[in-house]
**Student:** 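Before I ask anything, let me first share the structure, which is written out below as structure tokens.
Numbering starts at 1 and runs along the sequence shown.
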Amino acid sequence: MNWLVDWQAFIKTVESGSMAAAARHLDCSRAQVSKKLAELERSLGVRLLERSTRSLKLTPGGEVFYQHALRVLGEIKEAELALETMISVPRGVLRISAPVTFGRLHIAPLLNQIASDYPEMHCELVLNDRVVRVAEEGFDLAIRLTDTPPENLVAKPLATIKRVICASPAYLEWMGTPRHPTDLSKHVCFAYSHASTASEWQLVGARGTEVVPVRGKYQINHVEAILSEVLQDGGIAILPDYLCSQELVRGKLLPLLEDYEPVTSFGRHVYACYPPSRVQLPKFRVFMAALEQHFLPLPPWARG
């Protein structure tokens, strides 16, 4: 089905906006994508794309073909899924998207046992903090940390995340322990650089919300790097319990201002999000069972 490969190259080029981006999605070179597009246009006898050094634009014929190609490839995918549901043994590739840190800590460890139990099944875990388009980008399931799960997907709740204000014992011995939110202005406070709370923290207590300006020597856009700085006595941070719970249990970190709940721009809930068509696939059911066993009724960081 050489024509199918050419059609996929065309659709990926349109969706991603360039042949280079399409090549990355298709795991091939830009030259190969260009060749496939040229072969497709030659076979159809119609120019599909207007190319310039800076952009690609669909021609009128390309617009018509794009809509029909999307429908045809969608029907092929549905046919493949229908055949898979007839097979009781989990097999084939299951593509999963998850946020980088959460996926590394709590999704990746599940894959080894699945691979051992089901040798005909192959899981492909893509760690990315970008919100992917599940069906359009070829994923079977996405793990989302959000308070507003997508309406166009089934959203299975898996866990609730708590944010903890914490610091190392050595830092607190050196700088003192904050007793009230306003005390934080005297401390080094690490913030996630892409968050809306980078320069001020909002803490909800019995008397309402306290908004506190915070300062730090620098900002970091990776939560595990922030954890590392805090463990090295660098300052105070708001960290998710799925990341810092073990350090709290071991006494390497101490919770602060426990009568207050931090308000952040990050989600408080973990969802498995997937298209309804995936539910009947044996490989999907196997993975969902592993997720539910791992996270329910309590996630691993909340046990004990």
**Student:** Looking only at non-hydrogen atoms, find the nearest pair between Trp201 and Leu184 and report the distance.
**Tutor:**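 That closest heavy-atom pairing would be CE3-CD1, 3.7 Å.
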
**Student:** Donor-acceptor check, side chain of Glu173 to backbone of Pro169, threshold 3.5 angstrom: yes or no?
**Tutor:**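 No; judged by distance alone, with no hydrogens or angles, the pair does not exist.
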
**Student:** Is the number of heavy atoms from other residues, nucleotides or ligands under 6.0 Å of Gln8 CD greater than 12?
**Tutor:**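 Counting other residues, nucleotides and ligands, CD of Gln8 exceeds 12 neighbours.
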
**Student:** Donor-acceptor check, side chain of Arg268 to backbone of Asp147, threshold 3.5 angstrom: yes or no?
**Tutor:**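 No, Arg268 side chain to Asp147 backbone: no donor-acceptor pair under 3.5 Å.
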
**Student:** State, to 0.1 Å, how close Tyr274 and Asp140 come at their nearest heavy-atom pair, and which atoms those are.
**Tutor:**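 So the minimum-distance heavy-atom pair works out to CB-O, 3.3 Å.
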
**Student:** Check whether any side-chain N or O of Arg133 sits under 3.5 Å from a backbone N or O of Gly138 as a donor-acceptor pair, and report yes or no.
**Tutor:**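 The answer is no, because no donor-acceptor pair under 3.5 Å joins these two groups.
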
**Student:** Please find the pair of heavy atoms, one from Ser18 and one from Ala21, that lie closest to each other, and give the distance.
**Tutor:**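 Heavy atoms only, the tightest pair is OG-N, 3.0 Å.
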
**Student:** Test side chain to side chain contact (heavy atoms under 4.5 Å, CB included) on Leu58 and Val14 and set out the steps.
**Tutor:** CA-CA 8 Å; Leu58 283 170; Val14 174; 3.8 Å; yes

**Student:** Test of understanding: clusters of I, L, V, M, F, W, Y form through side-chain heavy atoms closer than 4.5 Å, transitively. Do Val131 and Val154 belong to the same one?
**Tutor:**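 Val131 and Val154: separate clusters.
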
**Student:** In plain terms, say whether Lys162 and Asp241 are close enough for a salt bridge, that is, a side-chain N and a carboxylate O under 4.0 Å apart.
**Tutor:**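 No.
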
**Student:** Within a strict 4.5 Å, meaning less than it, do heavy atoms of the Trp7 and His68 side chains meet?
**Tutor:**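 With C-beta onward as the side chain, the pair stays apart.
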
**Student:** Determine the interplanar angle of the Phe295 and Phe102 rings, folded into 0 to 90°, and report it as parallel if under 30°, tilted if 30 to 60°, perpendicular if over 60°.
**Tutor:**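 Judged by the thresholds at 30° and 60°, the geometry between Phe295 and Phe102 is parallel.
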
**Student:** Okay, side chain of Lys283, backbone of Val93: is any donor-acceptor separation there less than 3.5 Å?
**Tutor:**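 Judged by distance alone, yes, a pair lies under 3.5 Å.
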
**Student:** For Val46 and Gly61, work out which heavy atoms get closest and say how close.
**Tutor:**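 The pair with the smallest heavy-atom distance is CG1-CA, 4.3 Å.
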
**Student:** Any donor and acceptor pair, going by atom type alone, linking the side chain of Ser245 with main-chain N or O of Tyr242 inside 3.5 Å?
**Tutor:**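 The answer is no, because no donor-acceptor pair under 3.5 Å joins these two groups.
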
**Student:** Verify the cluster assignment for Ile161 and Val230: are they in a single hydrophobic cluster under the rule of side-chain heavy atoms below 4.5 Å apart?
**Tutor:**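 Yes, it is one cluster - the side chains of Ile161 and Val230 are joined through contacts under 4.5 Å.
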
**Student:** Shortest non-hydrogen contact from Ala9 to Ala22?
**Tutor:**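 Heavy atoms of Ala9 and Ala22 come nearest at O-CB, 4.5 Å.
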
**Student:** Among the clusters formed by ILVMFWY side chains lying less than 4.5 Å apart, do Phe284 and Tyr271 turn up in the same one?
**Tutor:**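 They do not share one cluster, since no chain of ILVMFWY contacts under 4.5 Å joins Phe284 to Tyr271.
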
**Student:** Please determine if Arg250 and Glu247 form a salt bridge, counting it only when a charged side-chain N lies under 4.0 Å from a carboxylate O.
**Tutor:**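 Answer for the salt bridge query: yes.
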
**Student:** Could you tell me the separation between the CG atom of Leu227 and the SG atom of Cys166, rounded to the nearest 0.5 Å?
**Tutor:**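 SG of Cys166 is found 7.5 Å from CG of Leu227.
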
**Student:** Has Gln293 got more than 12 heavy atoms of other residues, nucleotides or ligands less than 6.0 Å from its CD?
**Tutor:**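 It does not: Gln293 CD has 12 such atoms or fewer within range.
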
**Student:** When rounded to the nearest 0.5 angstrom, what is the spacing between CD1 in Ile96 and SG in Cys123?
**Tutor:**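 Here the rounded value is 4.5 Å.
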
**Student:** Say you draw a straight line from CG of Asn112 to CG of Asp117; how long is it, rounded to the nearest 0.5 Å?
**Tutor:**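 With rounding to 0.5 Å, CG (Asn112) is 9.5 Å from CG (Asp117).
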
**Student:** Taking side chain as C-beta onward, heavy atoms only, is Pro150 less than 4.5 Å from Arg144?
**Tutor:**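 With C-beta onward as the side chain, the pair touches.
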
**Student:** From Thr13 OG1 over to Leu40 CG, what is the distance, rounded to the nearest 0.5 angstrom?
**Tutor:**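 Between atom OG1 of Thr13 and atom CG of Leu40 there are 10.0 Å.
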
**Student:** Within a strict 4.5 Å, meaning less than it, do heavy atoms of the Val279 and Met288 side chains meet?
**Tutor:**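 Contact flag for Val279/Met288 side chains = no.
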
**Student:** Would you please name every residue forming a side-chain hydrogen bond (donor to acceptor under 3.5 Å, both in side chains) with His269, sequence neighbours left out?
**Tutor:**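 Expected list: none.
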
**Student:** Under 4.5 Å between side-chain heavy atoms, counting indirect links through other Ile/Leu/Val/Met/Phe/Trp/Tyr residues: same cluster for Leu70 and Val72 or not?
**Tutor:**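 Yes, it is one cluster - the side chains of Leu70 and Val72 are joined through contacts under 4.5 Å.
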
**Student:** Would you name the heavy atoms of Ser185 and Val212 that are closest together and state the gap between them?
**Tutor:**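 Closest heavy-atom pair between Ser185 and Val212: N-CG1, 4.2 Å.
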
**Student:** Keeping Ser34 on the side-chain end and Arg30 on the backbone end, is there a donor-acceptor pair under 3.5 Å?
**Tutor:**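 No, Ser34 side chain to Arg30 backbone: no donor-acceptor pair under 3.5 Å.
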
**Student:** List the steps and the verdict of side chain to side chain contact (heavy atoms under 4.5 Å, CB included) for His180 and Glu210.
**Tutor:** CA-CA 10 Å; His180 187 271; Glu210 298 270 358; 3.7 Å; yes

**Student:** When rounded to the nearest 0.5 angstrom, what distance separates SG in Cys244 from NZ in Lys252?
**Tutor:**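 With rounding to 0.5 Å, SG (Cys244) is 13.5 Å from NZ (Lys252).
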
**Student:** Hey, could you give me the CD1/CG distance between Ile165 and Leu239, rounded to the nearest 0.5 Å?
**Tutor:**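 Between atom CD1 of Ile165 and atom CG of Leu239 there are 10.5 Å.
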
**Student:** With distance as the sole test, does Arg163 use its side chain to make a donor-acceptor pair with the main-chain N or O of Val263 at under 3.5 Å?
**Tutor:**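 Side chain of Arg163 to backbone of Val263: no pair is present.
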
**Student:** Hey, does Phe139 have a side-chain heavy atom less than 4.5 Å from the side chain of Val126?
**Tutor:**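 Heavy-atom side-chain distance check passes, below 4.5 Å.
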
**Student:** Taking side chain as C-beta onward, heavy atoms only, is Phe10 less than 4.5 Å from Leu49?
**Tutor:**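 The answer is yes; the side chains approach within 4.5 Å.
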
**Student:** Check whether any side-chain heavy atom of Leu172 lies under 4.5 Å from a side-chain heavy atom of Pro178, and answer yes or no.
**Tutor:**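 Side chain of Leu172 against side chain of Pro178, heavy atoms only: contact under 4.5 Å found.
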
**Student:** Using the rule that Ile, Leu, Val, Met, Phe, Trp and Tyr join whenever any side-chain heavy atoms are under 4.5 Å apart, tell me whether Phe266 and Leu158 fall into a single cluster.
**Tutor:**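 Same hydrophobic cluster.
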
**Student:** Given 3.5 Å as the limit, does a donor-acceptor pair link the side chain of Ser97 with the main chain of Val132, or not?
**Tutor:**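 Such a contact is absent between Ser97 side chain and Val132 backbone.
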
**Student:** How far apart are the C-alpha atoms of Leu73 and Leu4, what are their side-chain angles, what is the distance that settles it, and do they pass the side chain to side chain contact (heavy atoms under 4.5 Å, CB included) test?
**Tutor:** CA-CA 8 Å; Leu73 292 184; Leu4 182 57; 2.9 Å; yes

**Student:** Side chains of Leu291 and Ile143: does their closest heavy-atom pair fall under 4.5 Å?
**Tutor:**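 Yes, their side chains come closer than 4.5 Å.
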
**Student:** Under the criterion side chain to side chain contact (heavy atoms under 4.5 Å, CB included), I'd like the reasoning laid out for Leu231 against Leu253: C-alpha separation, chi angles, the key distance, then a yes or no.
**Tutor:** CA-CA 7 Å; Leu231 288 171; Leu253 293 179; 3.7 Å; yes

**Student:** Regarding Lys156 and Glu292, does a basic nitrogen lie under 4.0 Å from an acidic carboxylate oxygen?
**Tutor:**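 Yes.
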
**Student:** Is there a side-chain contact between Pro282 and Arg91 in this structure, where contact means two heavy atoms from C-beta onward sitting under 4.5 Å apart?
**Tutor:**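 In short, these two side chains do not touch, never coming nearer than 4.5 Å.
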
**Student:** Is it the case that over 12 heavy atoms from other parts of the model lie below 6.0 angstrom from the CZ atom of Arg207?
**Tutor:**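 No, not enclosed.
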
**Student:** Are more than 12 heavy atoms from other residues, nucleotides or ligands located less than 6.0 Å from atom CD of Gln67?
**Tutor:**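 Yes, because the 6.0 Å sphere around CD of Gln67 holds more than 12 heavy atoms from other groups.
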
**Student:** Where the side chain of Glu41 meets the backbone of Leu48, is there a donor-acceptor pair that is under 3.5 Å apart?
**Tutor:**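 Side chain of Glu41 to backbone of Leu48: a pair is present.
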
**Student:** Is the number of heavy atoms from other residues, nucleotides or ligands under 6.0 Å of Gln246 CD greater than 12?
**Tutor:**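 Open: at most 12 neighbouring heavy atoms sit under 6.0 Å from CD of Gln246.
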
